[in-house]
Amino acid sequence: MIRTILITECEHAVTHEKKTFYGRYDPVTLARGYWKVVNTYSQKYSMTDEEFVKHAKVKEK
């Protein structure tokens, strides 16, 4: 399984804490939370189905 994930690196405007967000994001929500986007890019990841099942959270059976 290969997926392309959006990665957004941010810095908090007040505390200067650095945080990375994975997947889609809402820039308005980030701005309201005082997060400033420093860098954003997409990256491809691969994982076997077995690895996915071991690490994923079960939603329903």
Side-chain angles (χ1 to χ4, degrees):
M1 172 185 316
I2 297 175
R3 290 188 61 189
T4 302
I5 305 291
L6 180 67
I7 301 169
T8 305
E9 299 170 348
C10 295
E11 182 177 348
H12 196 273
V14 177
T15 65
H16 301 288
E17 171 191 359
K18 295 184 187 304
K19 186 171 182 178
T20 302
F21 296 92
Y22 298 95
R24 294 185 186 184
Y25 69 95
D26 180 1
V28 174
T29 302
L30 287 177
R32 286 183 184 154
Y34 299 101
W35 290 104
K36 176 182 148 193
V37 175
V38 175
N39 190 19
T40 187
Y41 56 95
S42 61
Q43 190 162 339
K44 285 189 177 188
Y45 292 91
S46 69
M47 179 183 287
T48 66
D49 288 342
E50 183 179 356
E51 287 177 306
F52 183 81
V53 170
K54 286 180 181 178
H55 300 287
K57 184 184 291 185
V58 176
K59 290 292 187 181
E60 62 182 66
K61 287 187 176 190

Inset, instruction - Sequence neighbours left out, what passes salt bridge (charged side-chain N to carboxylate O under 4.0 Å, His left out) with E17? Give chain and number order. - result: none
Inset, instruction - Give the ring-plane orientation class for H12 versus W35, where under 30° counts as parallel, over 60° as perpendicular and anything between as tilted. - result: perpendicular
Inset, instruction - Identify whether L6 and V37 are in the same connected component of the hydrophobic contact network (ILVMFWY, side-chain heavy atoms under 4.5 Å). - result: yes
Inset, instruction - Mind checking side-chain contact (heavy atoms from CB on, under 4.5 Å) for K44 and listing every partner two or more places apart, or none if nothing turns up? - result: I2, T4
Mind listing the side-chain donor-acceptor pairs of residues 20-28 below 3.5 Å, one per line with the distance, residues two or more places apart or on another chain?
unit_1, atom_1, unit_2, atom_2, d
D26, OD1, V28, N, 3.2
D26, OD2, T29, OG1, 2.9

Legend entry - For E51, all residues meeting side chain to side chain donor-acceptor pair (under 3.5 Å), sequence neighbours excluded: T48
Inset, instruction - Please name the pair of heavy atoms, one in M1 and one in D49, separated by the smallest distance, quoted to 0.1 Å. - result: CE-OD1, 3.7 Å
Legend entry - Residue pair C10 / L30: nearest heavy atoms and the distance that separates them: SG-CD1, 4.1 Å
Inset, instruction - Give the other cluster members for V58, using side-chain heavy-atom distances under 4.5 Å between Ile, Leu, Val, Met, Phe, Trp and Tyr residues; answer none if it is isolated. - result: none
Legend entry - Residue pairs passing the side chain to side chain donor-acceptor pair (under 3.5 Å) test where at least one lies in residues 52-61, sequence neighbours excluded: E50-K54
Inset, instruction - Quick one: pull up CD1 in I5 and OG in S42 and give me the separation to the nearest 0.5 Å. - result: 9.5 Å
